[in-house]
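Taking it in order: structure first as structure tokens, then the write-up.
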Amino acid sequence: VTRQAVWNELNQQVSRVFDAGLVPTHLDSHKHVHLLPQILEVLVDLCTRYSIKWIRRPFESQGLFPMLARVDKGHRAVLLKQYGDSRLTVPLRHQFRRTVLRAGLRMPDHFFGLSMTGIWNQASAAYLMQALPPGVSEWMVHPGVCDRALCSGRTRLREQREREKDILCSPFLMECAEKNGIFLKAFDEQIA
């Protein structure tokens, strides 16, 4: 696929978001394909063109062992596989960071959730809130409602979406945030 074809497709997608009356707060990509330098360059161009200031930094910041003790026993093999997969991106970190910063874009300092996709529970969420490093962190989750449309879709994340929604909407999570001095914000809220 040529760079121009990628640019045309992604530009069309971003244009449709604006045409729908929405203003995107950041850009990212399905399965984080914008890690690839050729696609990242296009995403950076689009951020500049549309005055989008943020881009997802999809490099896992979470260590393996603390989460291994907190996931449900049946999910440990999934965590090991997903953590291993996340480590494959490490060689791309330096170039990714350099490209984004050279363009004057912002990205979170830390990213969590890649290794935990589909296996979050209350214990792992509480640990993350307690162990967040200083700075701006992005927590990738997939909350939703497991309705007929989702159940008929091609995704492994079905019932887990409801579990994640329940965790995110629970008073427990807000208590964890307050206890640990964490301010929950969206990309479009000013972050110093």
Side-chain angles (χ1 to χ4, degrees), residues 26-37 39-40 54-98 100 106-147 150-151 153-187 191:
H26 70 286
L27 290 184
D28 61 33
S29 61
H30 186 62
K31 301 287 186 180
H32 312 294
V33 297
H34 71 285
L35 287 170
L36 301 171
I39 296 176
L40 177 60
W54 288 84
I55 194 164
R56 174 175 281 167
R57 176 193 173 274
F59 297 99
E60 186 74 73
S61 298
Q62 180 63 49
L64 173 64
F65 295 108
M67 289 311 215
L68 201 53
R70 289 168 175 84
V71 297
D72 301 332
K73 286 183 181 178
H75 292 142
R76 288 182 179 159
V78 174
L79 174 59
L80 288 168
K81 180 200 176 299
Q82 291 179 167
Y83 183 80
D85 290 347
S86 78
R87 305 313 296 161
L88 297 173
T89 65
V90 169
L92 299 170
R93 277 184 183 187
H94 180 69
Q95 183 177 356
F96 183 93
R97 184 176 190 281
R98 187 176 57 228
V100 171
R106 296 190 70 190
M107 60 187 163
D109 302 309
H110 312 284
F111 178 77
F112 300 91
L114 197 56
S115 298
M116 294 294 293
T117 297
I119 58 175
W120 284 106
N121 61 23
Q122 195 165 352
S124 57
Y127 176 77
L128 177 63
M129 295 295 243
Q130 176 262 318
L132 280 178
V136 176
S137 296
E138 180 181 0
W139 181 11
M140 183 183 75
V141 289
H142 299 83
V145 175
C146 191
D147 58 11
L150 180 61
C151 286
R154 296 177 55 199
T155 180
R156 67 180 174 95
L157 302 176
R158 291 185 175 89
E159 291 81 13
Q160 176 62 20
R161 291 182 186 267
E162 297 232 6
R163 282 180 63 191
E164 291 185 18
K165 175 185 61 78
D166 292 345
I167 290 169
L168 293 170
C169 293
S170 71
F172 153 81
L173 189 72
M174 290 307 296
E175 290 167 12
C176 284
E178 286 177 22
K179 178 181 170 186
N180 293 291
I182 296 167
F183 302 96
L184 303 175
K185 297 183 178 258
F187 278 99
I191 300 173

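Computed from a predicted structure; not experimentally measured.
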Which pairs with one or both residues in residues 74-85 pass salt bridge (charged side-chain N to carboxylate O under 4.0 Å, His left out), sequence neighbours excluded? K81-D85

Rounded distance (nearest 0.5 Å) linking atom CZ of R87 with atom CZ of F59: 10.5 Å

Rounded at 0.5 Å granularity, tell me how far CD in E164 sits from CG in N121. 10.0 Å

Rounded to the nearest 0.5 Å, what separates atom CG in D166 from atom CD in Q160? 10.0 Å

Heavy-atom closest pair, residues W54 and P108: CZ3-N, 3.7 Å

In terms of heavy-atom contacts, E60 and G113 come closest through OE2-N, 3.3 Å

What are the two closest non-hydrogen atoms of Y83 and S86, and how far apart are they? O-OG, 2.7 Å

Gap between atom CD1 of I119 and atom CD of Q82 - 0.5 Å precision: 5.5 Å

Looking only at heavy atoms, the pair that brings I55 and M107 closest together is O-CB, 3.4 Å

Shortest non-hydrogen pair, F96 vs R57, comes out as CE2-CA, 3.9 Å

Side chain to side chain contact (heavy atoms under 4.5 Å, CB included) partner of H32, chosen from L114, T89, I39: L114

Indicate yes or no: at least one non-hydrogen side-chain atom of T117 is less than 4.5 angstrom from one of V78. no

Closest heavy-atom pair and its distance - L92, L35: CD1-O, 3.8 Å

Heavy atoms of other groups near R93 CZ, more than 12 under 6.0 Å: yes

Give the table of side-chain donor-acceptor pairs shorter than 3.5 Å for residues 127-145, with sequence neighbours excluded, one pair per line with atom names and distance.
{"from": "E138", "atom 1": "OE1", "to": "R56", "atom 2": "NE", "distance (Å)": "3.4"}
{"from": "E138", "atom 1": "OE2", "to": "R56", "atom 2": "NE", "distance (Å)": "2.8"}
{"from": "E138", "atom 1": "OE2", "to": "R56", "atom 2": "NH2", "distance (Å)": "2.6"}

Pairwise distance OG(S170) to CD1(I167) - rounded to 0.5 angstrom: 7.5 Å

Measuring from M67:CE to S115:OG, what's the distance to the nearest 0.5 Å? 8.5 Å

